[in-house]
2 protein chains.
Amino acid sequence: MPAIPYRERVLRLREDSIVQAVNRLLVTKGYDLMTVDEVAAEAGMAKASLYKHFTSKEELAAAAMIRVLDRAIAHVALLHAQAPQATARCQLEAVVRWTLKVQLEGEMPSLPAENSRLTASLRANREYMNRLIELSESLGAWIAAAQADGGLDAGLPPELVLYTLYARACDPVLAMMKASGQHPDEQIVEWLVSTTFSGIGRPAVGGAKPTTRAGSTAKAKVVAG
Amino acid sequence: MPAIPYRERVLRLREDSIVQAVNRLLVTKGYDLMTVDEVAAEAGMAKASLYKHFTSKEELAAAAMIRVLDRAIAHVALLHAQAPQATARCQLEAVVRWTLKVQLEGEMPSLPAENSRLTASLRANREYMNRLIELSESLGAWIAAAQADGGLDAGLPPELVLYTLYARACDPVLAMMKASGQHPDEQIVEWLVSTTFSGIGRPAVGGAKPTTRAGSTAKAKVVAG
DNA sequence: GTCTATACCCGGATAGAC
DNA sequence: GTCTATCCGGGTATAGAC
């Protein structure tokens, strides 16, 4: 039952390499500075061939962004399955840690910012918006639970928490710290998880934190390295 | 002693209106999407006239960014003068509050992270870099003091704290919250100051904080200034 | 479906009259 | 110094052969 014939499969592979090229360029240059010529060169084909698969530059970028959301949704599902008993706060920390790792590996395009014509076209893209809503609802459930059980500050609007999580996924601080080259990657990630949940202020003393302070155990180990 | 003749003064006024137009466009569209034609239209003159004052689009943007840094440096100096006895942490909170307020008023261009050709040219601009270093040294002194007296988490590298302050000045979360229109501006600002210094985690109970929790007392006074 | 070559437009920068 | 008109590179998208 070769429901997916050979031709179809090589086509999918080719499109996948295109999307990966787009993702790399979105990360390094951003949408506006990314040119279709570069995408074609990176994907190893002529520009006109790209337009046989995707009808416009916007659609090209949308495919890459959708892929990012799919990865995030899959990871959230994985966390649900792996540790169903974990606290909501702990799950959210894991999500942030994962997004930072993806960003460290150079695979997380920075989407927000009001500008960049990409955002406008993404809002009109149903496939993208449906996934964004799905992801937001999953995270929203954890946020509500964590605010109810004291894992997160219940005085903050849930939307503010959600936006903060999205913003930290593309936080430029990580790139700046990595550029300095003074610290190992894992250490940087744990610091950013820590500042996201506990801020830059004095760390709480005497078990005021609902869970282990982010990076407490991992930190000591990594600092030595 | 009219060391500044009349001609010179109208020239300065004209250039100042240009820089303001650039700043507005940098905020709304960002450097790459901002066109020189738009700047000319906004400033109320022909495009060619712009090039009599500034030799390139990059220089145009640099002038606006330098102006932003000058405002920040001036505000830091003001804080020094107004409250020389305040704790370093309190001063840093005031700085963040000010940057958020400027962003709220639509006058804070988002310093793009790695991408955007603007950053490359800014790094090569001495006037910009000198001011950036000056500002960073002022903030760095407060950061060191706050980490020494327990106002800030001493386990974080000072550079991480500094980068975080810069990043929060352009935090997209503020724009998202404002766009929702559900909350008053002052409330949004205080929430963001709070998440910057204390994170989104459970607020400390029973005076674990070194200063008043962001947004309680310091708010009224400093926001007015 | 992939290529080469090209149409077309937009935006930065300039020429030259006043 | 300000204007109108123009140049010209570069970027998206397409035509048409194979």
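Letters go in sequence order (proteins before strands), and every chain restarts at 1.
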Output the rounded distance in Å from NZ (B:Lys47) to P (C:dG16).
17 Å
Please report, rounded to the nearest Å, how far the C1' atom of D:dA13 is from the CD atom of A:Glu38.
17 Å
Could you tell me which non-hydrogen atom of B:Val27 sits nearest to which non-hydrogen atom of B:Gly106, and how far apart they are?
CG2-O, 3.5 Å
Straight-line distance of A:Ile200 CD1 to B:Gln147 CD, nearest 0.5 Å:
9.0 Å
Residues from residues 48-64 of chain A sitting under 4.0 Å of DNA chain D, heavy atoms only?
A:Ala48, A:Tyr51, A:Ser56, A:Lys57
Quick one: A:Asp37 CG to D:dG10 C1', roughly how many Å, whole number?
9 Å
Identify the two heavy atoms, one from B:Met108 and one from B:Val68, that lie closest to each other, and give their separation to 0.1 Å.
SD-CG1, 4.0 Å
Measure CG/B:Leu33 against P/C:dC10 and give the value in whole Å, please.
14 Å
I need the CZ-P distance between B:Arg9 and D:dG1, as an integer number of Å.
15 Å
Looking at every non-hydrogen atom in both residues, tell me the closest pair between B:Leu192 and B:Thr195 and how far apart they are.
O-OG1, 3.0 Å
Which atom pairs, one a donor and one an acceptor, fall under 3.5 Å between side chains of residues 156-165 of chain A and the rest of the protein, sequence neighbours left out?
unit_1   : atom_1 : unit_2   : atom_2 : d
A:Glu159 : OE2    : B:His183 : NE2    : 2.9
A:Thr164 : OG1    : A:Leu160 : O      : 2.7

Check the distance between D:dG1's P and B:Leu13's CG and give it to me in whole angstrom.
13 Å
Whole Å only: how far is the NZ atom of A:Lys29 from the P atom of D:dG11?
8 Å
State whether B:Arg14 places a side-chain N or O below 4.0 Å from either non-bridging phosphate oxygen (OP1 or OP2) of D:dG1.
no
Are any of the side-chain nitrogens in B:Glu107 or B:Arg24 under 4.0 Å away from the carboxylate oxygens of its partner?
no
Spacing between B:Met34 atom CE and C:dA13 atom C1', to the nearest angstrom
14 Å
